[in-house]
Amino acid sequence: MRFVVAIDGTSASGKSTTARNVAQRLGWFFLDTGAMYRAVAYEVLRRGVDPNDFERVAEVAKEIDIDVKPGPDGQITYVNGEDVSAYLRTPEVDKAVTPVSQNPEVRKKLVAIQRMVGKNRELVCEGRDMTTVVFPDAELKIYMDADINVRAERRKKDLEKKGIHMPLEEIKKDLMRRDLADSNRDISPLKKADDAILLDTTNLTIEDEVNFVLERIKKRLKK
Ligand code: DC
């Protein structure tokens, strides 16, 4: 059976954790597409390429293999067969991923991989263009958002778990910068699809979010 749950939304709205948990509960495939864009950005930085250098970033994207596999804690992301998952959530990659994800060659390559992964299987995926571009025919579409202050607090806690300490105001500014860039870019901008269900997570726990999505899946399966 094919059943695609496509989740889009703003940075740190809870997409990844919710999608991963829903997939785990159901034994479905979890696809974190932000990690794929981050993996390209990481490789761009590792090669000393300027993330804003359009041509060279496109070349890097063409040259490398990106692959994803399920792991014990979610997705394992590979660049040329090497597991780079541990290096993808740093402030450096956070910055580089914005121009890298605006590169049409990068998007073309990753969208093709994402559609292949989603062929004929049960899958929960999250990103910015899952409901609008990659899986416009998804069985269930969700758009997640939350108050900016709540999102900044969540991101701060995530970073602190990794030993990265940043002032809340700086994190907030970075989230706003990324929301603005994601929503206003020419190619595949972040926007709520008309048929996506809005899930405001400001006052919700992860458990609430997971249950909300599971309920919607159940309803959709009954139809
Ligand atoms: O969800 P995230 O923070 O890991 O995403 C990292 C960046 O990648 C984000 O700034 C926007 C971009 N992205 C995208 O353009 N399209 C996707 N499907 C997923 C992420």
Side-chain angles (χ1 to χ4, degrees), residues 4-20 30-45 51-52 57-58 61 66 68 73-77 79 84-118 123-136 138 141-146 148 151-152 154-159 162 164 166 171-193 196 201 209:
V4 171
V5 181
I7 304 180
D8 285 324
T10 50
S11 296
S13 59
K15 300 185 303 288
S16 259
T17 315
T18 303
R20 190 175 64 241
F30 164 59
L31 179 64
D32 173 355
T33 62
M36 298 170 80
Y37 287 94
R38 286 170 181 276
V40 178
Y42 171 74
E43 186 61 22
V44 162
L45 292 177
N52 290 294
V57 168
I66 299 283
V68 295
D73 303 316
Q75 174 173 294
I76 307 178
T77 310
V79 174
V84 297
S85 317
Y87 316 122
L88 303 182
R89 298 205 160 259
T90 63
E92 293 77 30
V93 172
D94 275 355
K95 287 216 165 57
V97 74
T98 299
V100 167
S101 67
Q102 289 172 349
N103 192 302
E105 287 300 329
V106 174
R107 300 206 75 85
K108 196 163 94 187
K109 171 153 184 155
L110 296 187
V111 167
I113 299 171
Q114 290 155 14
R115 287 193 180 132
M116 283 279 282
V117 171
L123 165 110
V124 186
C125 58
E126 58 95 2
R128 302 296 185 292
D129 59 346
M130 296 299 102
T131 59
T132 51
V133 174
V134 183
F135 299 111
K141 298 184 184 183
I142 312 266
Y143 184 90
M144 286 174 66
D145 199 1
I148 181 70
R151 290 192 283 132
R154 288 177 185 161
R155 182 51 52 92
K156 188 167 167 57
K157 275 194 199 139
D158 284 351
L159 288 171
K162 293 197 190 83
I164 302 170
M166 266 168 76
I171 294 174
K172 195 171 149 180
K173 260 195 222 149
D174 188 55
L175 287 178
M176 294 198 305
R177 177 188 64 74
R178 282 206 287 147
D179 288 348
L180 198 72
D182 291 347
S183 308
N184 290 296
R185 65 185 179 207
D186 293 334
I187 172 169
S188 306
L190 167 67
K191 62 171 193 268
K192 185 189 160 300
T201 68
E209 293 161 28

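Along the sequence shown, residues carry numbers from 1. Whatever order the structure lists them in is the order used to number ligands and atoms, beginning at 1.
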* Please determine, by modelled atom types, if Thr131 and Asp8 share a side-chain donor-acceptor pair under 3.5 angstrom. => yes

* Pair Asp129 + Arg185, salt bridge at N-O below 4.0 Å -> no

* **Atom-level proximity to ligand 1, residues with heavy atom under 4.0 Å** => Thr33, Gly34, Tyr37, Arg38, Arg89, Val97, Ser101, Arg107, Gly127, Arg128, Asp129, Met130, Arg178, Asp182, Arg185

* Does a donor on one side chain sit under 3.5 Å from an acceptor on the other, for Gln75 and Ser85? -> no

* Asked: Knowing that exactly one of Ile66, Val40, Val44 qualifies, which makes a side chain to side chain contact (heavy atoms under 4.5 Å, CB included) with Val106?
  -> Val40

* Verify whether one side chain among Arg154 and Thr17 offers a donor that lies under 3.5 Å from an acceptor in the other. => no

* Asked: Is it true that the side chains of Ser11 and Arg128 contain a donor and an acceptor less than 3.5 Å apart?
  -> yes

